[in-house]
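Each remark here refers to the structure printed beneath this line.
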Protein chains: 2
Amino acid sequence: MSDQLSRVFAALSDPTRRDMVARLTGGDATVGELAAPYAVSMQAVSKHLKVLEEAGLVTRSRDAQRRPVHLEAEVFDLMTKWIERYRQRAEERYQRLDAVLAELDNDEHNDEHKQGLAGAPEEGTAS
Amino acid sequence: MSDQLSRVFAALSDPTRRDMVARLTGGDATVGELAAPYAVSMQAVSKHLKVLEEAGLVTRSRDAQRRPVHLEAEVFDLMTKWIERYRQRAEERYQRLDAVLAELDNDEHNDEHKQGLAGAPEEGTAS
DNA sequence: TCTTTCGTCAACCATTCGGTTGACTACGAC
DNA sequence: GTCGTAGTCAACCGAATGGTTGACGAAAGA
């Protein structure tokens with residue numbers, strides 16, 4: 001798994017964890033409160049929380065024997081940035097399609113329409 | 001895994017697959033072209049593509065014995081919507097924090113500061 | 001002190017995942 | 001027809017995942 005972006009995506013690939021995150025946008029909650037709606041043991045919920053925590057999506061403090069869970073919304077930015085970067089590129093290319101087609105028409109004598117490995121991929125690896 | 005949102009997140013939780021998506025923003029590519037930069041077999045790449053395809057992130061056509069891979073950027077919107085929905089809620093709550101604190105001060109006689117199950121979670125389940 | 005509540009840790013289990021190798025199909029070229 | 005190229009399918013393997021149960025720790029209340 002290694003990098004944070006992978007961990008964040010993986011964490012949100014589980015519906016239960018997504019639901020927890022959703023509910024945490026309404027305010028901090030204890031493990032018991034979070035576990036209540038689901039038909040699974042508290043241990044399972046505890047594991048889910050560990051996954052969310054390791055992805056940096058939540059933090060946990062201490063209140064007597066309670067462990068309140070707090071959502072760290074900033075991590076969303078990591079995903080949003082990644083998504084936006086590549087969506088933009090895809091859309092740009094899509095909008096340039098007519099231009100490309102025209103160019104391809106011109107270049108018909110020159111037969112290398114190489115399109116395969118295009119831009120620099122650059123996996124962000126989080127700054 | 002079941003729902004599409006889960007499949008999309010899961011698909012992007014792998015660095016290799018994210019890199020493929022990134023490269024596909026530069027234009028369609030064949031399996032061989034996609035496989036080239038990685039130190040894994042073409043079969044492995046084929047599997048990755050199946051995951052991306054089942055998530056709706058790519059589609060594949062037929063060109064003789066070649067199977068060009070095409071990025072479907074619209075699926076990004078699914079994620080973006082989910083993320084934005086809950087980020088907004090989280091930020092709203094954060095900005096309302098002072099108001100909440102004030103209200104909490106007023107409500108001190110009334111001792112139900114219930115915060116646990118707050119808003120309606122509503123797992124989108126893709127329309 | 002004893003008990004209850006809230007939560008974690010550890011061990012186990014079935015399933016999924018990312019990778020491999022080997023066999024196979026589909027098409028173009030010779 | 002035969003060969004080479006592009007790709008998939010199937011079986012297998014080790015590691016990770018999501019769940020369970022059971023035991024334990026830490027703090028509040030009796």
Side-chain angles (χ1 to χ4, degrees), chain A residues 1-21 24 28-55 57-70 111 114-117 123, chain B residues 1-21 24 28-55 57-70 111 114-117 123:
Chain A
M1 195 78 58
S2 60
D3 66 304
Q4 189 182 14
L5 196 48
S6 295
R7 283 194 298 265
V8 173
F9 277 122
L12 293 179
S13 74
D14 184 286
T16 303
R17 285 192 296 257
R18 274 203 311 282
D19 190 55
M20 288 183 193
V21 168
L24 283 169
D28 297 3
T30 66
V31 179
E33 284 167 345
L34 283 171
Y38 313 120
V40 299
S41 64
M42 199 186 310
Q43 288 94 321
V45 172
S46 197
K47 279 195 187 181
H48 280 306
L49 286 173
K50 193 142 93 177
V51 173
L52 290 173
E53 191 176 19
E54 278 165 1
L57 277 159
V58 306
T59 53
R60 319 166 76 175
S61 43
R62 180 112 235 175
D63 168 25
Q65 74 267 55
R66 237 151 275 114
R67 303 290 315 276
V69 182
H70 175 75
D111 99 321
K114 53 177 174 180
Q115 50 162 359
L117 303 216
E123 175 72 21
Chain B
M1 195 77 59
S2 60
D3 67 304
Q4 189 182 13
L5 196 47
S6 295
R7 282 194 299 265
V8 173
F9 277 123
L12 294 178
S13 74
D14 183 286
T16 302
R17 285 193 296 257
R18 273 203 311 281
D19 189 56
M20 289 184 191
V21 167
L24 283 169
D28 297 2
T30 66
V31 179
E33 286 167 345
L34 283 171
Y38 313 119
V40 300
S41 63
M42 198 185 312
Q43 289 94 322
V45 172
S46 197
K47 279 193 187 180
H48 280 306
L49 286 173
K50 193 142 92 176
V51 174
L52 290 172
E53 191 176 19
E54 279 165 0
L57 278 160
V58 306
T59 53
R60 320 168 74 174
S61 43
R62 179 111 234 176
D63 166 25
Q65 72 270 53
R66 238 150 273 114
R67 305 289 315 277
V69 182
H70 175 75
D111 99 319
K114 53 177 173 181
Q115 49 159 3
L117 301 217
E123 177 73 20

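We name chains A, B, ... by the order of the sequence lines, and we start the count at 1 in each one. None of these values were measured; they are calculated from a predicted model.
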Roughly, in whole Å, what's the span from [atom1] in [X] to [atom2] in [N]?
X     : N      : atom1 : atom2 : value
B/L34 : D/dT8  : CG    : P     : 11 Å
B/L49 : C/dG18 : CG    : P     : 13 Å
B/K50 : C/dG19 : NZ    : C1'   : 15 Å
B/D63 : D/dT5  : CG    : P     : 17 Å
A/Q65 : D/dG29 : CD    : C1'   : 10 Å
A/R67 : C/dT5  : CZ    : C1'   : 15 Å
A/R62 : C/dG7  : CZ    : P     : 9 Å
A/M42 : C/dT8  : CE    : P     : 9 Å

Hey, does the side chain of [X] come within less than 4.0 Å of [N]'s phosphate (OP1/OP2), counting only N and O?
X     : N      : result
A/R60 : C/dG7  : no
A/H48 : D/dG19 : yes
B/S46 : D/dT8  : yes

*Evaluate the side-chain proximity of B/L49 to B/M20: yes if any heavy-atom separation is below 4.5 Å, no if none is.*
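The answer is yes, as the side chains (C-beta and beyond) meet within the 4.5 Å cut-off.
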*Report which part of the nucleic acid A/T16 touches: base, sugar-phosphate, or nothing (heavy-atom distance under 4.0 Å, all strands).*
nothing
Roughly how far apart are [X] [atom1] and [Y] [atom2], rounded to 0.5 Å?
X     : Y     : atom1 : atom2 : result
B/R18 : B/L52 : CZ    : CG    : 11.5 Å
B/T30 : B/R60 : OG1   : CZ    : 10.5 Å
B/R66 : B/D28 : CZ    : CG    : 13.5 Å

*Give a yes or no answer on whether the side chain of A/R17 reaches the backbone of A/L12 with a donor-acceptor pair at less than 3.5 Å.*
no
*Of B/Q43 and B/K47, whose nearest nucleotide on DNA chain C comes first from the 5' end?*
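By nearest-heavy-atom nucleotide position, the 5'-most residue is B/K47.
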*If you pin A/V45 and B/S41 to their nearest nucleotides in DNA chain C, which one's is more 5'?*
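Taking each residue's closest nucleotide, the earlier one in sequence belongs to A/V45.
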*On DNA chain D, nearest-nucleotide positions of A/R66 versus A/A39: which is more 5'?*
A/A39
_Closest nucleotide among C/dT20, D/dG7, C/dC27 to the B/A44 side chain_ = C/dT20
